Each structure stands twice: as structure tokens, then as C-alpha cells.
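Read through the structure below, which is laid out as C-alpha cells, and then see the notes.
Quick note on labels: first sequence line is chain A, next is B, and so on, each numbered from 1. Basis for what follows: all heavy atoms, side chains included, without hydrogens, waters or symmetry-related copies. Note that the structure is a prediction, hence the values are computed from the model and not measured.
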Protein chains: 2
Amino acid sequence: MIGPMTSAAATRTSEQTWTIAQVAEEFGVTHRTVRHYEDLGLISPERRGTQRVYRRRDRTRLGLILRGKRLGFPLEEIRTIIDLFDAPRGRRTQLEYVLGQIDERRADLDQRLKDVQDAIAELGEFERRCREDLDRLA
Amino acid sequence: MIGPMTSAAATRTSEQTWTIAQVAEEFGVTHRTVRHYEDLGLISPERRGTQRVYRRRDRTRLGLILRGKRLGFPLEEIRTIIDLFDAPRGRRTQLEYVLGQIDERRADLDQRLKDVQDAIAELGEFERRCREDLDRLA
DNA sequence: CTTGACGTTGACGTAAACGTAAAGCATGAT
DNA sequence: ATCATGCTTTACGTTTACGTCAACGTCAAG
């Protein structure tokens, strides 16, 4: 079967769902990787019987996970970060805790931003020198 | 002994050098880490007899390595990148190869830049919602 | 000349992040 | 009914990036 699972006449108004093969394909990872993230508690798809059923929420989290990986964060840290987005924010103390965590994360990301910008700048400078060398050769 | 090695009356005009303990301390890593990078060929300090002698060049490379790590690049890839900076650029074909590599690297870094910017933006949006919640609680 | 303090080379250990079978269900198609 | 597909768990293997001894060299200070 091709395309999202719609279980025929059943849950049409309900949310769209995907199989593990579909999300793995979509995000360019293996099913093993997806299940590994579940083992670590980064995603928790429902079960239709024994099979995993992925919803939009799971795909969103998977996207956050992979972006976090591209930025070099370890999976455990990524888990605490994306859990933060779903954390309860009812009480004032909880909200203040969350806001504190946000500041920590931002400091981390600011460092990454500086790193990337510096790297890009140096690469540009290096390219400029290379082009100079190339011109001199002409 | 404290401070950089100056070998008393000898090489004063020569370059300043450091011991492994000094560079490790300076960059906040262990000596084991520094030697590991050497094993992988990311740095290659000279030897004064049996001991390693680090110069400015080695410290520069070490800085590049650690920044690459913060950006999530594997050490092997980092090696190819920083080797690029020291690559011979005498012939035109070599220069064109280097310029091609630069473009690949830049594409990678551009993706990282977008990732960081997106993450920071989402974090800001999330913080805004949290502050709204906090205001409503007041 | 012996003691530290620091440096060196193995060599094995480990944690993270999966890879890779192996072997068993479940379900639609023939 | 069986057969192929796809999903499942279990479990051991692998790679990366070091940690952690162990055992030895070396050199200035007491």
C-alpha cells in the first residue's frame, strides 16, 4: 500500500497516521534508528495492536531530533530539550523553571551560531585567497 | 615551571612553544584527547627528543578541531577540512579542487546555520508563549 | 642519588548511536 | 491454506571518541 494509512472507512476525521517505514523513508533514516529513538524515549508512537502508529506529533519530534543531531547535540540532551516543549506549564514555579531552561538552551545555541558564522567567515576568507592565487596563475 | 617554554638562552627569536599539559589546559581538554587527535592525524607536533612540542600552528588546528566538534562534525571529516587549509595550491587543478571542496563545506555550514537560526527562532517563540502564560497567572 | 612531577607508549574499557542478523507474528493476496 | 511482505522483539556487533590504568622514561630539585 502506498500513501498514508487511512484505515478505509474508519477514522477519516481523526489524525493522519504513518507506518514506521513511511516516516523512516521520509526523514532519510532506517527503521532501526527510529526505534532506537523510541527506546531512548524521544518519541512514543501509539500501537494499533502490535504495530507502531506515527502521528504528526511524532514526525514533528523526529524533525527536532534530527536537527539537534545535525547541531551536534547528544540524543539524551535532545530528549530533555524537546520534552521541555511538552512540559506542564500550569504552575508559576514550573513556568519559571522552563524559562530558566530556555535561557540555558539559548546560550548553547548562541555559541553554535557564533561557531558557524566564524567558520563560514574563515571559509570565505580562504576562498578569497585561493581565487587570488588562481588569478596570479593566469 | 609556569608559562611557555623558552629554553633559557636558546631560541628566543624562534617560535613560542607549549607542552601538552599547557595546550590541554588552555583548551579545556585532557592530554589523552590531544594525543587522540594526533593519532588520527589532526595535529602533528614536533618532538624535542621524546616529548611533544606544540607551536602556534598546532594550537590553531586544535581550535579548529574543537569548533568542528561543537558543530557536530566527526573527527575524520574535520581532518579533511583542516587539511584543506594546508593543502598545496601550486597548480591550477589543485586550486580548482580546493575551491570545489570549499563549496561543499559551505553548503554543509549553510545547513548548520539554518538549523541554528531555526532553533533559536523556535526557542524565542516558545519563550514568548511561556511569558504569556506567566502573565495570565499574575 | 633518589624522589616527584611530568611525559611517553601500549592496551584494554566504555558510552553513544546505531548496524545487522535471527526468528517470530500478522495480514492481505493468490 | 499458504505464501510473501512488512512489522516486531531480542540480542550481539561495530564505529567513534575518548577514559583509564599500567609500566616505563627523564629531568630538575632536594
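Between A:Thr30 and the phosphate of C:dC18, there is no side-chain N or O to OP1/OP2 separation shorter than 4.0 Å. In terms of phosphate contacts, B:Arg35 brings no side-chain nitrogen or oxygen within less than 4.0 Å of OP1 or OP2 of C:dT8.
Remark: A:Arg92 does not engage B:Asp133 in a salt bridge, criterion side-chain N to carboxylate O under 4.0 Å. The pair A:Asp86-A:Arg57 meets the salt-bridge criterion, with a side-chain N (NZ, NE, NH1 or NH2) lying under 4.0 Å from an Asp/Glu carboxylate O. Ion pairing of B:Glu127 with A:Arg89 is absent here, as no side-chain N (NZ or NE/NH1/NH2) approaches a carboxylate O to less than 4.0 Å.
Comparing A:Leu40 and B:Ala21 by the nucleotide of DNA chain C that holds the closest heavy atom to each, the one mapping nearer the 5' end is B:Ala21. If B:Ile20 and B:Arg32 are placed on DNA chain C by their nearest nucleotide, the residue sitting closer to the 5' end is B:Ile20. When the nearest nucleotides of DNA chain D are assigned to A:Thr50 and B:Thr33 by heavy-atom distance, the more 5′-ward of the two goes with A:Thr50.
The separation between B:Gln51 atom CD and C:dC6 atom C1' is 7 Å, rounded to whole Å. In this structure, A:Glu77 places its CD atom 15 Å from C1' of C:dA17, rounding to the nearest Å. The nearest whole Å value for the distance from the CG atom in B:Asp39 to the C1' atom in C:dT9 is 10 Å. We find that CD of B:Glu25 is positioned 17 Å from C1' of C:dG7, with the value rounded to whole Å. Straight-line distance from the NE2 atom of A:His31 to the P atom of C:dA21: 12 Å, rounded to whole Å. The CZ-P distance, from B:Arg48 to C:dG7, rounds to 14 Å in whole Å. When the P atom of C:dG10 is taken as reference, atom CD of B:Glu38 falls 12 Å away, rounded to whole Å. One atom, CZ of A:Arg47, and another, C1' of C:dA26, lie 14 Å apart when rounded to the nearest Å.
Cation-pi geometry between B:Arg55 and B:Trp18 is not satisfied (NZ or CZ under 6.0 Å from the ring centre, within 45° of the ring normal).
Annotation for B:Glu25: atom CD does not count as buried by contact number, only 12 or fewer foreign heavy atoms lying within 6.0 Å.
Of all nucleotides in DNA chain D having an atom under 4.0 Å from a heavy atom of chain A, the first and last in 5' to 3' order are D:dC7 to D:dA11.
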>> Go through it in stages, so that I can follow the logic: the residues are A:Leu64 and B:Glu122, the test is side chain to side chain contact (heavy atoms under 4.5 Å, CB included), and I'd like the CA-CA distance, side-chain angles, deciding distance and then a yes or no.
In response: CA-CA 11 Å; A:Leu64 291 175; B:Glu122 283 172 22; 3.6 Å; yes
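Remark: of the listed residues B:Arg47, B:Arg61, B:Arg32, B:Arg47 is the sole one forming a salt bridge (Lys or Arg N to Asp or Glu O under 4.0 Å) with B:Glu38.
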